[in-house]
Asker: 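Quick one: the structure is below, and I'll ask about it shortly.
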Amino acid sequence: MNYKRHTVTAALPYANGPLHIGHLAGCYLPADIYVRYLRLKGDDVIFICGSDEHGVPITIKAKKEGITPQQVVDKYHKLMGDTFSDFGISFDIYSRTSGKVHHETASDFFKTLYAKQIFREEVTEQYYDEKAKQFLADRYIVGTCPKCGNENAYGDQCEKCGTSLSPTELINPRSTLSGEKPVLKKTKNWFLPLDKMQPDIERYIETHKDWKTNVYGQCKSWLNQGLQARAMTRDLDWGVKVPVEGAEGKVLYVWFDAPIGYISATKELVEEKRKSNPQSKTLDWTLYWKDKETRLVHFIGKDNIVFHCIIFPAMLMAHGNYILPDNVPANEFLNLEGDKISTSRNWAVWLHEYLIDFKNKQDVLRYVLCSNAPETKDNDFTWKDFQAKNNNELVAILGNFVNRTLVLTEKYYNGIVPEADTLTNNDLALLDEILQFPKKISSSLDAFRFREALAELMNMARAGNKYLADNEPWKMASTNDARVRTVMNISLQIAANLTVLMEPFLPHSAKKLSTLLNLHNLKWSDTNRTDLLKPGHKLGKAELLYDKIEDIEIEKQIQKLIDSKKMNDSQMPQPAADAQAALQQPKPDITFDDFSKMDIRVGTIVEAERVPKTDKLLKLTIDTGIDRRTVVSGIAGFYNPENIIGQKVSLLVNLAPRTIKGITSQGMILMAENSNGELSFVSPTKQNSNNGSVIK
RNA sequence: GGCGAGGUAGCUCAGAUGGUUAGAGCGCAGGAUUCAUAACCCUGAGGUGGAGAGUUCGACCCUCUCCCUCGCUACCA
């Protein structure tokens with residue numbers, strides 16, 4: 001199908017933290033490359049993004065920091081917008097979901113579905129905090145986990161045992177807002193009946209078998225499991241107000257409102273264009289969302305597949321008149337030095353920090369992240385690889401080719417493009433080869449194969465290097481001017497074509513190269529010729545496109561990560577964590593007799609192994625001084641069995657035995673838990689306590 | 001446990017519908033060269049294609065079993 005225009009979106013980043021390399025590699029960089037390529041071809045394209053600013057985690061962060069949700073999102077909206085712009089992510093608009101246009105758009109969208117009676121209304125009982133006068137999101141309720149007895153389980157999940165919970169399952173629930181016991185109160189919510197819509201969604205997915213296997217496969221997986229109706233409203237005061245009667249104190253579910261953010265941002269963009277350009281007066285946003293000749297493409301990370309491939313299309317179908325996503329090229333995840341990127345563990349390369357350490361090297365990161373992008377499977381980013389790709393590819397191949405061409409031209413012809421003499425068969429063959437690259441790169445980009453496209457770009461620079469090496473103009477400088485002029489002319493034409501082809505991937509470098517060549521405003525279609533630089537054209541002064549990165553700079557980055565790791569191991573309490581802990585109320589008083597019923601002893605771990613087919617359990621053999629006994633403990637997420645042999649622990653020895661996974665556990669190891677649910681052994685600080693020593 | 005995606009050279013990864021000697025870049029070894037940021041260019045070594053079985057004239061690609069990694073989901077303290 002031939003489309004007249006493209007609406008390209010990049011996932012709205014959630015405004016509760018800064019951006020890291022995973023964001024860029026997974027979503028924003030491929031999207032930007034694709035859009036720049038389309039623009040160079042002269043296609044009508046809009047590139048949409050913005051901050052996702054609603055939802056419970058932002059309200060929690062605000063509470064922890066003692067500021068308003070609006071202050072949280074203002075801070076990160078600014079930071080993320082600046083970061084994108086620094087890295088040359090060329091959004092036509094970077095909007096935000098707390099904006100007025102978005103609230104109206106999302107609200108209208110909901111009203112339309114409501115009027116069409118799409119929603120299923122359900123009254124359920126939810127916890128309500130009478131003191132704070134509001135319904136409590138699952139995350140705002142803590143209580144005792146019915147499964148493991150953890151007294152600080154959240155309403156949606158017990159972080160200790162990992163069980164998914166609903167708030168009503170908690171024993172002794174408490175509100176984290178006031179510490180009060182919440183009461184159950186009836187509340188009405190509106191559900192999108194995905195179960196009923198499943199056949200339509202299936203038909204839609206079936207017409208897109210061309211999607212990437214990871215995307216299509218994930219969709220099939222969801223469909224096979226059967227879709228469930230999802231509540232599209234929440235009892236919360238931060239978000240888009242639900243615009244129907246009887247919905248006071250409710251907002252739209254963040255995943256309902258976020259994708260609508262693409263539409264609101266489009267409206268804003270079109271409005272801007274109309275104001276600034278008289279020719280755009282009649283431009284209408286619906287062109288980009290409701291015209292069958294518009295191609296809608298969503299760039300996202302794999303965590304968003306279900307929302308963009310199933311829920312959002314379902315919303316659009318239910319609304320009617322909208323076009324549906326034609327492709328959703330989701331990437332997998334990027335790891336960092338072999339470990340998962342983690343914000344809470346500070347295991348990340350933060351983009352705003354990168355630009356401080358590697359000033360003006362945004363293209364280097366773009367290059368490395370694209371050439372190693374997680375297109376088909378999770379990939380690993382390492383600093384050594386980053387250095388190697390910079391030094392051996394950008395510097396040695398691309399930068400070097402451009403530099404030697406310019407330096408030679410400067411030396412022989414004072415920086416003026418020489419006229420080619422008779423072309424040899426080899427020259428013609430090379431020119432033919434050069435003209436193949438734009439086609440190869442196009443077809444790779446059309447298929448969202450960005451790594452392949454970038455590799456071809458580098459191959460073109462290689463071909464240039466080889467051409468120079470084969471023809472050795474420096475050997476004939478004084479003997480065969482006609483030949484030297486020809487070789488230099490051809491080399492310069494290659495550089496000129498590179499300027500265009502590299503622009504989507506390396507926009508900053510492309511701009512610099514344009515200046516060096518004194519050649520501007522080229523289009524993709526200009527790459528079908530090899531006479532872009534006319535004889536007599538004056539070039540700019542030769543300058544290096546890229547600098548080598550020394551070992552010491554890389555070691556500094558690696559050290560930074562090692563420090564993060566140390567920090568995590570020592571489990572420094574975070575201020576925010578303390579604030580959270582302070583909210584937990586003390587338990588009711590007990591007597592000394594109650595306490596003395598517990599027999600807590602010092603013990604030593606003498607054997608440890610993982611319990612098969614579980615994520616969290618270790619089977620431990622403990623020397624208690626009295627005996628040796630087996631204890632099953634849920635600490636595998638925090639300790640490796642081989643590292644804890646000989647560890648002194650505190651053990652509740654007279655806890656009634658319990659069989660877990662077929663193993664009889666005799667006792668319970670006491671652990672200190674921080675607010676992130678991370679566990680640490682509690683043991684005597686002096687070595688003078690033998691096994692069996694009583695803890696009292 | 002169920003589902004999805006993967007497991008290909010030392011490293012990071014490509015390989016349309018099954019068809020002759022399985023590819024690239026980096027790294028490594030040798031050579032050539034000096035215009036260029038000791039860069040470029042050439043040559044070479046390196047793979048029982050996770051393991052095993054099956055279908056086929058023929059399988060990295062299809063089927064089955066098992067092992068490992070990642071994700072979703074379930075269960076578990």
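Quantities reported herein were computed from a predicted structural model and do not represent experimental measurements. Every chain is numbered from 1 and lettered A, B, ... according to where its sequence line falls, protein lines coming before strand lines.
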Asker: Are A:T424 and A:D427 linked by a side-chain donor-acceptor pair shorter than 3.5 Å?
Answerer: yes

Asker: So, for A:W347 and A:L336, which heavy atoms are closest and what is the spacing to 0.1 Å?
Answerer: NE1-O, 2.8 Å

Asker: How many Å lie between NZ on A:K440 and C1' on B:A24, as a whole number?
Answerer: 12 Å

Asker: Does either side chain, that of A:N459 or that of A:R462, offer a donor lying less than 3.5 Å from an acceptor on the other one?
Answerer: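 Indeed, the side chains of A:N459 and A:R462 share at least one donor-acceptor pair under 3.5 Å.
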
Asker: Rounding to a whole Å, what distance do you find between A:R449:CZ and B:A16:C1'?
Answerer: 9 Å

Asker: Answer yes or no: is there a side-chain heavy-atom contact under 4.5 Å between A:I341 and A:F381?
Answerer: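 Result no, sub-4.5 Å side-chain heavy-atom pair not found.
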
Asker: Strictly by modelled atom types, are A:N331 and A:K212 linked by a side-chain donor-acceptor pair under 3.5 Å?
Answerer: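 A:K212 and A:N331 do have a side-chain donor-acceptor pair below 3.5 Å.
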
Asker: Does the structure show a Watson-Crick or G-U wobble partner for B:A45, both distances under 3.5 Å? Name it, or say none.
Answerer: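 Its partner is none (no Watson-Crick or G-U wobble pair with both distances under 3.5 Å).
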
Asker: Does A:F505 have its ring centroid less than 6.0 Å away from the ring centroid of A:Y367?
Answerer: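 Distance test on ring centres: not under 6.0 Å, no.
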
Asker: Just verifying a value: how many Å separate A:T405 OG1 and A:L516 CG, rounded to the nearest 0.5 Å?
Answerer: 11.5 Å

Asker: Between B:C60 and B:A51, how far apart are the two C1' atoms, rounded to whole Å?
Answerer: 14 Å

Asker: Is a side-chain donor-acceptor pair under 3.5 Å present for A:N497 with A:Q493?
Answerer: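 No donor-acceptor contact under 3.5 Å links the two side chains.
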
Asker: Which value, in whole Å, describes the distance between the C1' atoms of nucleotides B:C61 and B:U56?
Answerer: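 Taking atom C1' in both B:C61 and B:U56, they lie 14 Å apart.
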
Asker: Going by heavy atoms closer than 4.0 Å, what residues in residues 468-482 of chain A are next to RNA chain B?
Answerer: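 Contacts with RNA chain B under 4.0 Å: A:A469, A:W474, A:K475.
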
Asker: Would one find a side-chain N or O of A:K466 under 4.0 angstrom from OP1 or OP2 of B:C42?
Answerer: yes

Asker: My understanding is that a pair needs two contacts under 3.5 Å, Watson-Crick or G-U wobble. By that rule, which nucleotide pairs with B:G1?
Answerer: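 Per the H-bond distance test, B:U73.
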
Asker: Can you tell me the distance, in whole Å, between the CG atom of A:L334 and the P atom of B:C70?
Answerer: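 Between P of B:C70 and CG of A:L334: 15 Å.
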
Asker: Determine the interatomic distance between P on B:A45 and the same-named atom on B:A24; round to the nearest Å.
Answerer: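 To the nearest whole Å, 12 Å.
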
Asker: Considering only the C1' atoms, how many Å lie between B:U12 and B:G47, rounded to the nearest integer?
Answerer: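 The answer is 16 Å between these two C1' atoms.
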
Asker: Using both distances under 3.5 Å as the test, list the Watson-Crick or G-U wobble partner of B:C60, or none.
Answerer: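 Pairing partner: none.
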
Asker: Which label fits B:G23, syn or anti, where anti is any glycosidic angle not within 90° of 0?
Answerer: anti

Asker: With both distances under 3.5 Å as the test, what is the Watson-Crick or G-U wobble partner of B:C40?
Answerer: none

Asker: For the pair made of CG in A:D303 and P in B:G4, what is the distance, rounded to whole Å?
Answerer: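 Rounding to the nearest Å, CG of A:D303 and P of B:G4 are 20 Å apart.
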
Asker: Using atom C1' of each nucleotide, how far apart are B:C70 and B:G31 to the nearest Å?
Answerer: 44 Å

Asker: Please check if any side-chain donor atom of A:D446 sits under 3.5 Å from a side-chain acceptor atom of A:Y37, or the reverse.
Answerer: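 Indeed, the side chains of A:D446 and A:Y37 share at least one donor-acceptor pair under 3.5 Å.
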
Asker: On RNA chain B, does the nearest nucleotide to A:Q218 precede the nearest nucleotide to A:L545 from the 5' side, or the other way round? Give the residue.
Answerer: A:Q218

Asker: Contact list please: residues 388-406 of chain A against RNA chain B, heavy atoms, distance less than 4.0 Å, in numerical order.
Answerer: A:N392, A:E393, A:V395, A:A396, A:N400, A:N403, A:R404

Asker: Now, which nucleotide makes the Watson-Crick or G-U wobble pair with B:G23, with each of the two distances under 3.5 Å?
Answerer: B:C13

Asker: In whole angstrom, give me the gap between the C1' atoms of B:G27 and B:A5.
Answerer: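 So the two C1' atoms sit 29 Å from each other.
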
Asker: Base, sugar-phosphate, or nothing: which does A:D380 touch, judged by heavy atoms less than 4.0 Å apart?
Answerer: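 The answer is sugar-phosphate, as A:D380 gets under 4.0 Å only of primed atoms, P, OP1 or OP2.
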
Asker: To the nearest angstrom, how far is A:F448 atom CZ from B:A16 atom P?
Answerer: 19 Å

Asker: Would you kindly give the CG-to-P distance between A:N335 and B:A5, to the nearest whole Å?
Answerer: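 Rounding to the nearest Å, CG of A:N335 and P of B:A5 are 20 Å apart.
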
Asker: What distance, rounded to whole Å, do you find between the two P atoms, one in B:C26 and one in B:U69?
Answerer: 32 Å

Asker: Rounded to the Å, how far apart are A:M458 CE and B:G25 C1'?
Answerer: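 Those two atoms, CE and C1', are 10 Å apart.
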
Asker: In whole angstrom, give me the gap between the P atoms of B:U8 and B:C62.
Answerer: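 Here B:U8 and B:C62 have their P atoms 16 Å from each other.
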
Asker: Using atom types as modelled, flag every donor-acceptor pair under 3.5 Å from a side chain in residues 544-555 of chain A to any protein atom, sequence neighbours excluded.
Answerer:
from	atom 1	to	atom 2	distance (Å)
A:Y546	OH	A:S509	OG	2.6
A:D551	OD1	A:Q387	NE2	2.8
A:E553	OE2	A:E550	N	3.1

Asker: Quick one: are A:Y204 and A:M197 in side-chain contact, heavy atoms under 4.5 Å?
Answerer: no

Asker: Starting at the 5' end of RNA chain B and moving along, which residue's nearest nucleotide shows up first, A:A455 or A:N465?
Answerer: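 First, find each residue's nearest nucleotide; the 5'-ward one identifies A:A455.
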
Asker: Let's test this: given Watson-Crick or G-U wobble pairing with both distances under 3.5 Å, identify the partner of B:C66.
Answerer: B:G50

Asker: May I ask you to evaluate whether A:T213 reaches the phosphate of B:G6, defined as a side-chain N or O under 4.0 Å from OP1 or OP2?
Answerer: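 Answer yes for this pair, as a side-chain N or O of A:T213 is under 4.0 Å from OP1 or OP2.
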
Asker: Whole-Å distance between B:G71 P and A:E332 CD?
Answerer: 11 Å

Asker: Could you check whether A:K302 makes a cation-pi contact with A:F333, meaning its NZ or CZ is under 6.0 Å from the centre of the six-membered ring and within 45° of the ring axis?
Answerer: yes

Asker: How is A:K411 classified with respect to the nucleic acid when contacts are heavy atoms under 4.0 Å: base, sugar-phosphate, or nothing?
Answerer: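 Sugar-phosphate contact only.
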
